[in-house]
Each structure stands twice: as C-alpha cells, then as structure tokens.
Amino acid sequence: MNIILMGPPGAGKGTQADFIKAKYRVPHISTGDMFRDAVKKGTPMGQEAKKYMNEGKLVPDQVTIGIVEDRLAEDDCQAGFLLDGFPRTINQAEALDKVMDKLGKKIDAAINIFVPDKILIERMSGRVSCKECGTVYHLVFSPPSQSGKCDKCSGELIQRSDDNAETAVNRLQVYIEQTSPLLDYYKNKGLLKDVDGNRDSKSVGSEIESILNGL
Ligand code: ADP
Ligand code: AMP
C-alpha cells in the first residue's frame with residue numbers, strides 16, 4: 001500500500017498518519033519531520049532547510065526530492081509507505097512518478113484532508129509536540145493530562161517555531177499557490193480521495209480506514 005497523505009498545514013495529516021502506520025504497518029515518511037530532525041542535528045541540509053522553514057517557504061525541490069528518493073529505496077518501504085507532506089509541488093509529484101517507475105511501483109491513493117482556513121490557523125496556533133517522542137497535542141482540542149508534559153513519556157511539550165501566526169499565514173498561502181494544483185494532478189490520475197477533516201479525529205480516521213480497506 002503506497003499512500004500519499006495530502007492537505008494544508010494543520011489539516012491533521014500527522015495525527016492520522018499515527019493511526020495509519022500502526023494499523024497498516026507502513027513507515028510514515030514526513031518530509032517536515034525529516035527536515036526538523038536535520039535542523040535539530042545541525043546537519044548542512046538542516047541548516048539550509050531552516051532558512052526556508054522559518055519563513056514558511058518550501059525547501060527547494062532538489063533538496064527535498066533527493067531525501068525522499070533515498071528514503072523510498074530503504075528496506076522498510078518495500079512493502080508500502082505513507083508519504084506525509086510530500087509531494088508539495090508539481091515538480092516533486094513528477095519526480096515521485098519517476099522514482100516509482102524506477103522501483104516498479106505505483107501510488108495507490110492520494111488522500112486529501114480538507115479543512116477551512118480559519119480552523120487551520122486555530123489548529124496550528126494551538127499545536128504543541130513532545131520534544132522527546134514527537135507526540136502531537138493541541139492545547140484546546142486534545143490537551144495533555146498535565147500541562148506542558150507528554151502523557152506518553154513525560155517529555156517537555158514545545159511549540160514549533162513555524163506555528164506562529166505570521167508564518168502560519170505564509171504557509172497557507174504557499175499551500176494555495178504551490179501545492180493545491182496537485183489536487184487536480186492526482187484527480188486526473190483517478191487517485192484523489194477527499195476526506196472532510198473538520199470533524200473529530202476518530203471520524204476522520206474511520207473514513208480514511210474505509211478508503212484504505214477498499215483499495
Ligand atoms: P498536519 O500534520 O496536517 O500539519 P497535525 O496532525 O499536526 O496536522 O494537526 C495540527 C493540530 O491540530 C495538532 O495540534 C492536532 O492535535 C490538531 N488536530 C488534528 N486533527 C484534529 C481534529 N480532527 N480535530 C481537532 N484538532 C485536530
Ligand atoms: P510540515 O511539517 O509538513 O508542516 O512541514 C514544515 C516545513 O518543512 C514546511 O513549511 C517546509 O518549509 C518544509 N517542507 C516539508 N515538506 C516539504 C516539501 N515536500 N517540499 C518543500 N518543503 C517542505
């Protein structure tokens with residue numbers, strides 16, 4: 001099962017990916033997580049990516065395509081994968097098609113979680129995640145039991161530096177301009193599955209589950 005999880009920033013891709021990877025035993029490949037990890041480690045790629053991430057811009061295609069290509073060639077991706085936050089440009093989608101051809105594989109579905117802009121801003125501005133294990137919470141919609149502490153590992157909860165109001169608005173604009181054309185790209189291939197993300201996470205998850213079970 002080779003799946004792409006699409007949707008604007010804050011739509012709930014990471015939240016749904018947690019349940020999909022556990023249920024269907026596929027690796028969760030989030031380019032955002034890969035870049036944040038590289039920034040944390042201070043690698044040259046992380047230092048380069050940070051400049052774009054801090055402004056809510058996309059990291060250049062040649063960097064992003066390269067890391068995904070390498071990741072998809074790893075052993076754990078051979079029986080399937082879940083891409084989250086990639087592709088984000090037509091160029092990236094075309095590069096992904098070439099990689100899939102080379103690997104003799106195909107994309108089975110592009111699941112598009114759609115949510116109104118106003119809700120996306122609320123979701124991004126209240127998002128916090130565990131510094132240690134990465135579990136994502138929302139200060140209002142899914143708060144931790146103890147303020148500032150992860151329920152799973154007691155790690156410290158932190159806000160992403162790009163979840164401030166100004167950068168969040170930039171990211172939505174970038175999504176509209178550069179990423180939303182991909183919806184037609186996958187619709188034309190008969191792969192697009194729209195899911196209303198403006199509901200509780202369980203209902204969103206159930207719909208995704210029935211889509212995946214029908215593939
Ligand atoms: P994305 O990966 O698409 O950027 P996340 O999964 O990180 O989005 O979700 C963004 C924020 O919204 C997080 O704080 C998360 O807890 C919260 N969230 C996710 N799904 C829902 C939902 N269905 N209802 C309310 N809040 C949600
Ligand atoms: P995300 O965690 O998906 O919200 O991504 C956070 C940031 O990482 C984005 O705002 C971009 O700066 C960068 N990023 C993640 N995925 C991509 C991608 N496919 N192409 C370019 N930049 C990306």
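As the structure lists them, so they are numbered: ligands from 1, and atoms in each ligand from 1. The residues of the chain are indexed from 1 along the displayed sequence. Below, all heavy atoms of this structure are taken into account, side chains as well, without hydrogens, waters or symmetry copies.
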The closest protein heavy-atom partner of atom 8 (O) of ligand 1 is G12 N, 3.1 Å

Quick one: pull up CD1 in I20 and CG in L82 and give me the separation to the nearest 0.5 Å.
-> 5.0 Å

Ranked by distance from atom 27 (C) of ligand 1, the top protein heavy atom is R123 NE, 3.7 Å

Gap separating the CG atom of N112 from the CG atom of L182, nearest 0.5 angstrom | 10.0 Å

Applying a strict 4.0 Å limit to heavy atoms, is K13 in contact with ligand 2?
-> no

In this structure, CG of D84 is separated from CD1 of I113 (nearest 0.5 Å) by 8.5 Å

Residues E156, K149; criterion salt bridge (Lys or Arg N to Asp or Glu O under 4.0 Å); working and verdict = CA-CA 5 Å; E156 184 194 348; K149 251 190 179 185; over 6 Å; no

Any idea which of M53, R171, R88 brings a heavy atom closest to atom 18 (C) of ligand 2?
-> R88

Below 4.0 angstrom from a heavy atom of H138, which ligand 1 atoms are there? Numbered from 1 as shown, please.
-> 14 (O), 16 (O)

Going by the atom numbers of ligand 1, which of them fall below 4.0 Å from some non-hydrogen atom of S201?
-> 20 (N), 21 (C), 22 (C), 23 (N)

Touching ligand 1 at all, G7? Heavy atoms, strictly under 4.0 Å?
-> no

Where does V128 meet ligand 1, judged by heavy-atom distances below 4.0 Å: at the side chain, the backbone, both, or neither?
-> neither

Could you walk me through whether D108 and K193 pass the salt bridge (Lys or Arg N to Asp or Glu O under 4.0 Å) check?
-> CA-CA 11 Å; D108 297 303; K193 312 278 178 194; over 6 Å; no

Reported CE-to-CE distance for the pair M34 and M45, which is rounded to 0.5 angstrom | 7.0 Å

Near Q92 (heavy-atom distance under 4.0 Å), the atoms of ligand 2 are 18 (C), 19 (N), 20 (N), 21 (C)

Atoms of ligand 2 close to R36 [distance to a heavy atom under 4.0 angstrom, numbered from 1] | 2 (O), 6 (C)

among protein heavy atoms, the one nearest atom 16 (O) of ligand 1 is S142 OG, 3.4 Å

Close-contact set for ligand 2 against K57 heavy atoms, below 4.0 Å | 11 (C), 12 (O)

Can you find an N/O atom of A11 closer than 3.5 Å to an N/O atom of ligand 1?
-> yes

For ligand 1, is there an atom lying under 4.0 Å from some heavy atom of M124?
-> no

Closest protein heavy atom to atom 2 (O) of ligand 1, given as residue, atom name and distance to 0.1 Å = G14 N, 2.9 Å

Between D84 and ligand 1, does any nitrogen or oxygen pair lie at a separation below 3.5 Å?
-> no

May I ask you to identify the nearest protein heavy atom to atom 23 (C) of ligand 2, giving residue, atom name and distance to one decimal place in Å?
-> F35 CE1, 3.7 Å

Okay, side chain of R88, backbone of Y175: is any donor-acceptor separation there less than 3.5 Å?
-> no

When hydrophobic residues are tied together by side-chain contacts of less than 4.5 Å, even through go-betweens, does M100 share a cluster with L83?
-> yes

With P87, which of L96, V68, D61 fulfils side-chain contact (heavy atoms from CB on, under 4.5 Å)?
-> L96

Straight-line distance of T179 OG1 to M6 CE, nearest 0.5 Å = 7.5 Å

Would you call M34 a ligand 2 contact, heavy-atom distance under 4.0 Å?
-> no

Side chain or backbone of V59 under 4.0 Å from ligand 2, or both, or neither, by non-hydrogen atoms?
-> both

Looking at atom 23 (N) of ligand 1, what's its closest protein heavy atom, distance included?
-> R199 O, 2.7 Å

Given the rule in the salt bridge (Lys or Arg N to Asp or Glu O under 4.0 Å) test, do K102 and E69 qualify, once you have shown the distances and angles that lead to the verdict?
-> CA-CA 10 Å; K102 210 159 79 182; E69 188 166 6; 3.0 Å; yes

Determine, using the 4.5 Å side-chain heavy-atom cutoff (strictly less than), whether F81 and L5 are members of one ILVMFWY cluster.
-> no

Point-to-point distance, once rounded to the nearest 0.5 Å, from CD1 of I65 to OG1 of T89 | 6.0 Å

Between D97 and Y185: side-chain donor-acceptor atoms closer than 3.5 Å | yes

Per-atom filter on ligand 1: closer than 4.0 angstrom to a heavy atom of K13 are 1 (P), 2 (O), 3 (O), 4 (O), 6 (O), 8 (O)

Looking only at protein heavy atoms, what sits closest to atom 19 (C) of ligand 1 is T15 OG1, 3.3 Å

Yes or no on salt bridge (Lys or Arg N to Asp or Glu O under 4.0 Å) for K202 and D200, after CA distance, side-chain angles and deciding distance?
-> CA-CA 6 Å; K202 275 222 167 92; D200 63 282; over 6 Å; no

Under 3.5 Å, is there a donor-acceptor pair linking the side chains of N170 and T167?
-> no

Taking 4.0 angstrom as the limit, do R199 and E207 come out as a salt bridge?
-> yes

Within 4.0 Å of some non-hydrogen atom of T64, the atoms of ligand 2 are 18 (C), 19 (N), 20 (N), 21 (C)

Using distance alone, decide if ligand 2 has a nitrogen or oxygen within less than 3.5 Å of any nitrogen or oxygen in R160.
-> yes

Contact check: P9 vs ligand 2, nitrogen or oxygen atoms, below 3.5 angstrom | no

For atom 19 (N) of ligand 2, the protein heavy atom that lies nearest, with its residue and separation | G85 O, 2.9 Å

Starting from the C-alpha separation in whole Å, work towards a yes-or-no answer on side chain to side chain contact (heavy atoms under 4.5 Å, CB included) for M53 and V59.
-> CA-CA 7 Å; M53 295 169 83; V59 177; 4.3 Å; yes

Are any of the N/O atoms in T31 less than 3.5 Å from those in ligand 2?
-> yes

Ligand 2 versus E55: contacting region, heavy-atom distance under 4.0 Å | neither

Short list, please: which atoms of ligand 1 are under 4.0 Å from a heavy atom of F141?
-> 25 (C), 26 (N)

Atom 7 (O) of ligand 1: nearest protein contact (heavy atom, Å) = R127 NH1, 2.6 Å

Identify, for atom 14 (O) of ligand 1, the protein heavy atom at the shortest distance, and state residue, atom and that distance.
-> Y137 O, 2.9 Å

Ligand 1 to D200, heavy atom cutoff 4.0 Å, flagged ligand atoms 23 (N)

